[in-house]
Amino acid sequence: MKSSQFDERRMIVVPGNDSETIEFAVEHWITQAAESIADHGFFAVALSGGSTPKKIYQLLSQPHKSSRVEWKKVLLFWSDERAVPPDHPESNYRMAMEEAGFNQLPIPKENIFRMKAEKEIEAHAKAYEETIKTKLGGRPFDLIMLGMGEDGHTASLFPHTDALHMVNCLVAPNHVPQKNTWRMTFTFECINRSPHVVLYALGASKAAIVARVLTSPYHPDELPSQRIGTSEHKALYLLDNEASQNLFASLK
Ligand code: 6PG
């Protein structure tokens, strides 16, 4: 397994092929949950959309993994959501709960906080931020799970969109002209407050963007993922062999 500090803001771990990387991600999740619960009695985690996080939720929902998590102490949030109702095929909530199996887990309903992004998005973003503050008691998230798009977006922080510049808030409505839609998203401020942020990227289709985000000059308006991670809270890039292939080639 390749594991290294990439720079002062980012760590990289490459556990191996696709399934070895998913296995590592799930074990990391279970460890973070146990450590957070031992430390302060709950595990506040933010899920994201995307194909890689989905594979992680699916494995986590299997009995041999799920039996090792104290689900009653898990607080489930989302780091971004599409402007659709919870039963819509594009809903990130539906993906985790119904498609990936989280609705089979013994998580108390009152601990599941769906992002409502389908109507009155401004008001719902404010309400979601209040819920975060109340439920976390001012603590940061214990784990924020993120994917990375091939255009360099993460969560719903898309290139050149307004939410990239939002300050003094944790959650923002974001108009995404390139998709002709609205999204709700955590802000950089919210994400970078968390001591454990993981960017998961798997497969050859991510190889080019991973290398570009990590090695090209810092232009976060163009490549929002570049802004994830601080010297105090390093972001973890969890990559499989394929997604890391251009990166290691360009570093040789
Ligand atoms: C979403 C996301 C988004 C996603 C990336 C990667 O709701 O679309 O949260 O940030 O994680 O686009 O998605 P894939 O893994 O499917 O490429």
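Each ligand, and each atom within it, is numbered from 1 in the order the structure gives. Quick note: residue numbers are just sequence positions, from 1.
For ligand 1 and Arg183, the ligand atoms under 4.0 Å from any heavy atom of the residue are 1 (C), 7 (O), 8 (O). Numbered from 1 in the order shown, with element, the atoms of ligand 1 that lie under 4.0 Å from a heavy atom of Asp80 read 1 (C), 2 (C), 7 (O), 9 (O). Each of the atoms 15 (O) of ligand 1 lies under 4.0 Å from some heavy atom of Thr52. Counting the atoms of ligand 1 from 1 in the order shown, those under 4.0 Å from a heavy atom of Gly147 are 11 (O). Counting the atoms of ligand 1 from 1 in the order shown, those under 4.0 Å from a heavy atom of Asn92 are 1 (C), 7 (O). The atoms of ligand 1 that sit less than 4.0 Å from any heavy atom of Gly50 are 11 (O), 13 (O), 14 (P), 15 (O), 16 (O).
The shortest N or O to N or O distance between Leu146 and ligand 1 is not under 3.5 Å. The shortest N or O to N or O distance between Pro53 and ligand 1 is not under 3.5 Å. Distances between N or O atoms of Thr154 and those of ligand 1 include no value under 3.5 Å. Looking at His153 next to ligand 1, an N or O pair under 3.5 Å apart turns up.
Ion pairing between Arg68 and Glu27 holds under the 4.0 Å rule for side-chain N and carboxylate O. Using a 4.0 Å cut-off between charged side-chain N and carboxylate O, Glu129 and Lys133 make a salt bridge. Ion pairing between Lys65 and Glu23 holds under the 4.0 Å rule for side-chain N and carboxylate O.
Using bins of under 30°, 30° to 60° and over 60° for the plane-to-plane angle, the ring pair Trp71/Phe102 lands in the perpendicular bin. Note on ring orientation: taking the six-membered ring where Trp is involved, the planes of Trp29 and Phe43 are perpendicular (angle over 60°, cut-offs 30° and 60°).
Distances from ligand 1 to the non-hydrogen atoms of Lys54 include no value under 4.0 Å. Heavy atoms of Glu150 stay at 4.0 angstrom or farther from ligand 1. Every heavy atom of Glu81 sits 4.0 Å or more from the atoms of ligand 1.
Contact of the Asn92 side chain with the Arg82 side chain is registered, since non-hydrogen atoms from C-beta on lie closer than 4.5 Å.
From the protein, the heavy atom lying nearest to atom 8 (O) of ligand 1 is Arg82 NH2, 2.6 Å. When only non-hydrogen protein atoms are considered, atom 6 (C) of ligand 1 lies nearest to Met148 O, 3.5 Å. With respect to atom 4 (C) of ligand 1, the closest heavy atom belonging to the protein is Gly49 O, 3.7 Å. Closest to atom 10 (O) of ligand 1 among all protein heavy atoms lies Ala155 O, 2.7 Å. Among all protein heavy atoms, the one lying closest to atom 17 (O) of ligand 1 is Lys206 NZ, 2.5 Å.
Of the heavy atoms in Ser156, none comes closer than 4.0 Å to ligand 1.
More than 12 heavy atoms of other residues, nucleotides or ligands sit less than 6.0 Å from atom CD of Glu99.
Remark: among candidates Ser225, Gly149, Ser79, Ser51, the nearest residue to atom 15 (O) of ligand 1 is Ser51, based on non-hydrogen atoms.
No hydrogens or angles considered: nothing links the side chains of Asp240 and Thr21 as a donor-acceptor pair under 3.5 Å. With hydrogens and angles left out, the side-chain atoms of Ser156 and Asn174 include no donor and acceptor closer than 3.5 Å.
The closest donor-acceptor contact from the side chain of His196 to the backbone of Asp142 lies at 3.5 Å or more, if one exists at all. Side-chain atoms of Ser194 come within 3.5 Å of backbone N or O of Phe141 as a donor-acceptor pair.
Put simply, Leu157 and Val176 are part of two different groups of oily side chains (I, L, V, M, F, W, Y) that touch within less than 4.5 Å, one to the next.
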